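Accompanying notes for the structure given below.
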Amino acid sequence: MDELALLSLTPRAVLIVENLETGLALPEMPGVVALMKLGNAVGALARLPWVQSGRGVYWDDMDTHGFAILNRARTVLPQLTSLLMDEYTLTAHRAPWVEEPAPCSETALSLLTADERLVFDGLRASRWGPRVRLEQERIPWSLALQQLEKALGLERCARQPA
């Protein structure tokens with residue numbers, strides 16, 4: 001992280017994704033810096049002075065831990081917006097749900113939006129079933145890229161051949 005802090009960057013957007021494979025599959029996005037697999041270490045973003053220079057987007061698995069990490073990330077990046085971490089996305093993709101091994105014990109997540117809080121509370125209360133988890137890599141890639149482009153304010157990401 002110390003080496004990253006020394007870089008003289010002014011990204012137009014910073015994308016934080018939890019899953020390494022998701023991050024590695026991202027197409028080239030000029031002006032966007034993608035940070036992967038920070039997990040509970042998202043507080044280390046405070047050591048990167050350039051991270052505040054652009055729009056911030058956070059995309060994690062939709063489970064209780066993903067929302068807790070989003071809440072922690074907002075202590076550093078208050079304007080951070082979440083991507084594909086909403087009730088519609090969760091309920092529209094039931095088939096690939098897996099079970100969250102152990103729900104997060106944190107409940108005082110004051111930096112979540114009302115919509116995010118609704119999903120977090122619903123997951124904790126088993127509203128959609130016990131220990132529901134939608135991993136980000138299980139969302140169809142074409143939908144994810146479309147929503148990612150929109151969230152990052154990109155007209156069109158450069159596509160790499162499959």
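Worth knowing before you read on, the calculation uses all heavy atoms, side chains too, and leaves out hydrogens, waters and symmetry mates. It should be emphasised that the depicted structure is a prediction, and the values quoted were computed from it without experimental measurement.
The hydrophobic cluster containing Leu4 also contains Leu20, counting ILVMFWY residues as joined when their side-chain heavy atoms lie under 4.5 angstrom apart, directly or transitively. In the hydrophobic clustering of this structure, Leu143 groups with Leu145; members are Ile, Leu, Val, Met, Phe, Trp, Tyr whose side-chain heavy atoms approach within less than 4.5 Å, directly or through other members. Taken together through direct or relayed side-chain contacts under 4.5 Å among Ile, Leu, Val, Met, Phe, Trp and Tyr, Leu7 and Val14 form part of one hydrophobic cluster.
Of the possible polar contacts, one joining the Glu116 side chain to the Thr113 backbone as a donor-acceptor pair under 3.5 Å is found. Listed for the His65 side chain is no donor-acceptor partner under 3.5 Å among the backbone atoms of Gly39. Checking side-chain atoms of Asn71 against main-chain N and O of Leu111 turns up a donor-acceptor pair under 3.5 Å.
A heavy-atom distance below 4.5 Å is not found between the side chains of Pro96 and Glu135. Counting only heavy atoms from C-beta outward, the side chains of Val57 and Leu80 never approach each other to under 4.5 Å. Looking only at side-chain heavy atoms (C-beta outward), Ile69 and Tyr58 come within less than 4.5 Å of each other. Asp115 is not listed as a side-chain neighbour of Glu87, based on a closest heavy-atom distance of 4.5 Å or more. With a 4.5 Å cut-off on side-chain heavy atoms, Arg74 and Leu70 count as touching. A 4.5 Å side-chain heavy-atom check between Leu6 and Glu3 finds every atom pair outside the cut-off. By the 4.5 Å heavy-atom criterion applied to side chains, Thr64 and Glu106 are not counted as neighbours. Two residues are said to be in side-chain contact when any heavy atoms from C-beta on lie closer than 4.5 Å; Ile16 and Leu38 meet this criterion.
Evaluated for a salt bridge (charged side-chain N to carboxylate O under 4.0 Å, His left out) with Asp63, the options Arg124, Arg131, Arg133 yield exactly one hit, Arg133.
Considering all non-hydrogen atoms of both residues, Trp128 and Thr91 come closest at NE1-CG2, 3.5 Å. The two atoms that bring Val17 and Gly23 nearest to each other are CG2-CA, 3.7 Å, heavy atoms only.
Note that CZ of Phe67 and OG of Ser82 are 6.5 Å apart. Values are rounded to the nearest 0.5 Å. Annotation: the span from Asp60 atom CG to Lys37 atom NZ amounts to 10.5 Å, rounded to 0.5 Å. Remark: Met36 CE to Leu24 CG distance equals 5.0 Å, nearest 0.5 Å. One finds the CG atom of Leu134 at 9.0 Å from the CG atom of Leu84 (value rounded to the nearest 0.5 Å). With rounding to the nearest 0.5 Å, the separation of CE in Met62 from CG in Leu90 is 5.0 Å. Within the model, atoms CG of Leu35 and CG of Leu45 stand 6.0 Å from one another, a figure rounded to the nearest 0.5 Å.
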Should Asp61 and Glu100 be marked as a side-chain contact (heavy atoms from CB on, under 4.5 Å) after you check the CA-CA gap, both sets of side-chain angles, and the distance that decides it? CA-CA 10 Å; Asp61 295 335; Glu100 182 175 27; over 6 Å; no

Begin from the C-alpha positions of Leu15 and Leu26 and carry the test side-chain contact (heavy atoms from CB on, under 4.5 Å) through to its verdict. CA-CA 10 Å; Leu15 171 64; Leu26 292 170; 3.6 Å; yes

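Trp59 and Trp141 have parallel rings, their planes meeting at less than 30° on a 0 to 90° scale where 60° marks the start of perpendicular.
For residues 42-57, every residue pair satisfying the side chain to side chain donor-acceptor pair (under 3.5 Å) rule, not counting sequence neighbours, is listed here: Asp2-Arg47.
Side-chain atoms of Asn19 and Glu137 include a donor-acceptor pair closer than 3.5 Å.
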